[in-house]
Enquirer: 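The structure follows.
Remember, predicted model here, so these are calculated numbers, not experimental data.
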Amino acid sequence: YVDDAKAMRIKIVSPDVNRGQYKFTIDGEKTIVYGIGAIKGVGEGAIQSIIDARESGGRFKDMFDFCERVEPSSCNRAAIETLIKAGAFDSCDAHRSQWTALVDRALQSGAAAARDRQAGQQSLFGGEDETTQEAAPVDLPNIPEWEERDKLVKEKEVLGFYLTSHPLAEYQEKLGQFCTHKTNELSSLPDRTEVFVGGMLSAIKHAHVKKVRDPSSPTKYVNFDLEDMDGAVRCILWPREFVHAGEMVQPDAILVARAAVDRRGG
């Protein structure tokens, strides 16, 4: 769906606490706002509380404003951190790393506001001066944004795929110089066809062969997924090759592999 949208020049923007709904929504003629309900780990109750607070009090100025207006019981720390990873606080004018560093302070501020509400008291900055006091900017920590790859990995963790970009985007030209095929082209090739494929490694699992004819032979091998911009393929590096190249099989490593297509078993 994302690829189809890009082909039609329709922009899909990150989920946003300031304009997102539970489901995907349209903003203008060529923009789709990612549905907050499609974020892993954010419940429907939390989302409804966010929408209710926004509709009654306007857009959220920052995370402190968010935590003071959204009931802590409905949107806890885990949900807030997930929203940050998904980019849902990007419209609040700070880096995701900065909001993550401020979660504890924002939650404390929200808890204090909740206690005031429960006691039927007006907040410290209530009344005539509320607008003036709320205009004061948050003291953001002076820390850099997450590295681009780390940021995208966190995004995929909570969305299920890379939305704003892809860790391989900057390597596309280089990979194109060495690769003979993309992962989505492998299924049409004959068995044992030699190919060069490139991408990022994930889902790594080490094991040992069970039947060994020569006790002196290596037994350790590794399975992993090699993911490019067009899909992913499961790979096996058998013991003989693992001895020489096994150290290169690391999470999120980007490399090119010479391989043979194995169509046995479908």
Side-chain angles (χ1 to χ4, degrees), residues 1-4 6 12 34 38-42 78 81-82 85-87 96 146-266:
Y1 289 138
V2 172
D3 290 340
D4 286 345
K6 289 179 180 178
I12 301 181
Y34 199 96
I39 304 174
K40 300 177 182 179
V42 181
E81 290 179 335
T82 297
K85 292 178 182 179
R96 298 180 190 182
W146 294 327
E147 293 289 337
E148 183 67 11
R149 188 189 299 188
D150 186 33
K151 180 178 177 180
L152 292 173
V153 167
K154 287 181 170 65
E155 189 175 278
K156 184 181 180 182
E157 174 190 331
V158 298
L159 298 182
F161 64 98
Y162 301 111
L163 178 62
T164 56
S165 185
H166 194 289
L168 295 175
E170 62 180 298
Y171 300 98
Q172 276 297 89
E173 183 177 352
K174 179 67 69 175
L175 290 173
Q177 296 175 12
F178 297 98
C179 297
T180 59
H181 295 80
K182 298 177 181 178
T183 56
N184 63 346
E185 299 170 335
L186 301 179
S187 61
S188 63
L189 300 178
D191 186 46
R192 309 314 299 170
T193 300
E194 185 175 282
V195 297
F196 286 82
V197 288
M200 185 169 64
L201 306 191
S202 63
I204 298 170
K205 183 178 180 181
H206 293 88
H208 289 268
V209 293
K210 296 180 179 179
K211 296 182 180 180
V212 182
R213 294 180 181 178
D214 183 355
S216 63
S217 299
T219 62
K220 189 175 183 179
Y221 68 97
V222 63
N223 292 278
F224 57 89
D225 285 348
L226 188 147
E227 177 184 356
D228 62 14
M229 298 281 282
D230 297 278
V233 62
R234 192 64 175 167
C235 304
I236 303 176
L237 188 65
W238 291 112
R240 186 188 304 175
E241 290 78 20
F242 184 86
V243 171
H244 302 289
E247 63 182 21
M248 299 178 67
V249 181
Q250 301 292 337
D252 301 327
I254 297 174
L255 47 77
V256 172
R258 182 177 67 182
V261 177
D262 188 348
R263 299 184 63 85
R264 293 174 296 176

Enquirer: Measure the spacing between CD1 of Ile39 and CD of Glu155 and express it to the nearest 0.5 Å.
Expert: 10.0 Å

Enquirer: Would the number of heavy atoms belonging to other residues, nucleotides or ligands and lying under 6.0 Å from CD of Glu247 be above 12?
Expert: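 Count not over threshold, so no.
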
Enquirer: Within the structure provided, determine whether Ile254 and Glu170 are in side-chain contact (heavy-atom separation under 4.5 Å).
Expert: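 No. Closest side-chain heavy atoms not under 4.5 Å.
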
Enquirer: Of all heavy-atom pairs between Phe196 and Phe178, which one has the smallest distance, and what is that distance?
Expert: CB-O, 3.5 Å

Enquirer: State, to 0.1 Å, how close Asp252 and Val153 come at their nearest heavy-atom pair, and which atoms those are.
Expert: OD2-CG2, 4.3 Å

Enquirer: Hey, could you give me the CD/NE2 distance between Gln172 and His166, rounded to the nearest 0.5 Å?
Expert: 8.0 Å

Enquirer: What is the distance from atom CG of Asp225 to atom CG of Leu201, rounded to the nearest 0.5 Å?
Expert: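 Result: 9.0 Å between the selected atoms.
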
Enquirer: Side-chain contact test, heavy atoms from C-beta onward, threshold under 4.5 Å: evaluate it for His206 versus Phe242 and give yes or no.
Expert: yes

Enquirer: Taking Asn223 as the fixed residue, which of Ile236, Ile204, Val249 is the one that meets the side chain to side chain contact (heavy atoms under 4.5 Å, CB included) rule?
Expert: Ile236

Enquirer: Would you find more than 12 non-hydrogen atoms of other residues, nucleotides or ligands less than 6.0 Å from Phe161 atom CZ?
Expert: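 Enclosed: over 12 neighbouring heavy atoms sit under 6.0 Å from CZ of Phe161.
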
Enquirer: Examine the side chains of Glu148 and Ser165 and answer whether a donor and an acceptor come within less than 3.5 Å of each other.
Expert: no

Enquirer: Take a 6.0 Å sphere around NZ of Lys182 and say whether it holds more than 12 heavy atoms from other residues, nucleotides or ligands.
Expert: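 Count not over threshold, so no.
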
Enquirer: Mind checking whether Tyr221 and Trp238 have parallel, tilted or perpendicular rings, split at 30° and 60°?
Expert: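 Tilted: the ring planes of Tyr221 and Trp238 meet at 30° to 60°.
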
Enquirer: Would you say that more than 12 heavy atoms from the other residues, nucleotides or ligands in this model lie under 6.0 Å from the CD of Glu173, or not?
Expert: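 Check fails, neighbour count at 12 or below.
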
Enquirer: Atom CZ of Arg192 and atom CZ of Arg264: how far apart are they, to the nearest 0.5 Å?
Expert: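 If we round to the nearest 0.5 Å, Arg192:CZ and Arg264:CZ are 6.0 Å apart.
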
Enquirer: So do Val209 and Pro239 actually touch side chain to side chain, heavy atoms under 4.5 Å?
Expert: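 Yes - at least one pair of side-chain heavy atoms lies under 4.5 Å apart.
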
Enquirer: What are the two closest heavy atoms between Ala253 and Met248, and how far apart are they?
Expert: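 That would be CB-O, 3.9 Å.
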
Enquirer: Which of these passes side chain to side chain contact (heavy atoms under 4.5 Å, CB included) with Leu175: Val197, Val256, Asp228?
Expert: Val256

Enquirer: Once rounded to the nearest 0.5 Å, what's the spacing between atom CG of Leu159 and atom NZ of Lys85?
Expert: 11.0 Å

Enquirer: Which heavy atom in His208 sits nearest to a heavy atom in Thr219, and how many Å separate them?
Expert: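 Nearest pair, atom of His208 first, then Thr219: ND1-OG1, 2.8 Å.
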
Enquirer: Looking at Arg263 and Ser187, what are the two nearest heavy atoms and their distance?
Expert: NH1-O, 2.5 Å

Enquirer: Flag yes if more than 12 heavy atoms outside Lys40 fall under 6.0 Å of its NZ atom; otherwise flag no.
Expert: yes

Enquirer: Determine the minimum heavy-atom distance between Leu226 and Ala257, stating which atoms define it.
Expert: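 Scanning both residues completely, I find the closest heavy atoms to be CD1-CB, 4.3 Å.
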
Enquirer: Working to the nearest 0.5 angstrom, can you tell me the gap between Tyr162 OH and Met229 CE?
Expert: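 The OH atom of Tyr162 sits 10.5 Å away from the CE atom of Met229.
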
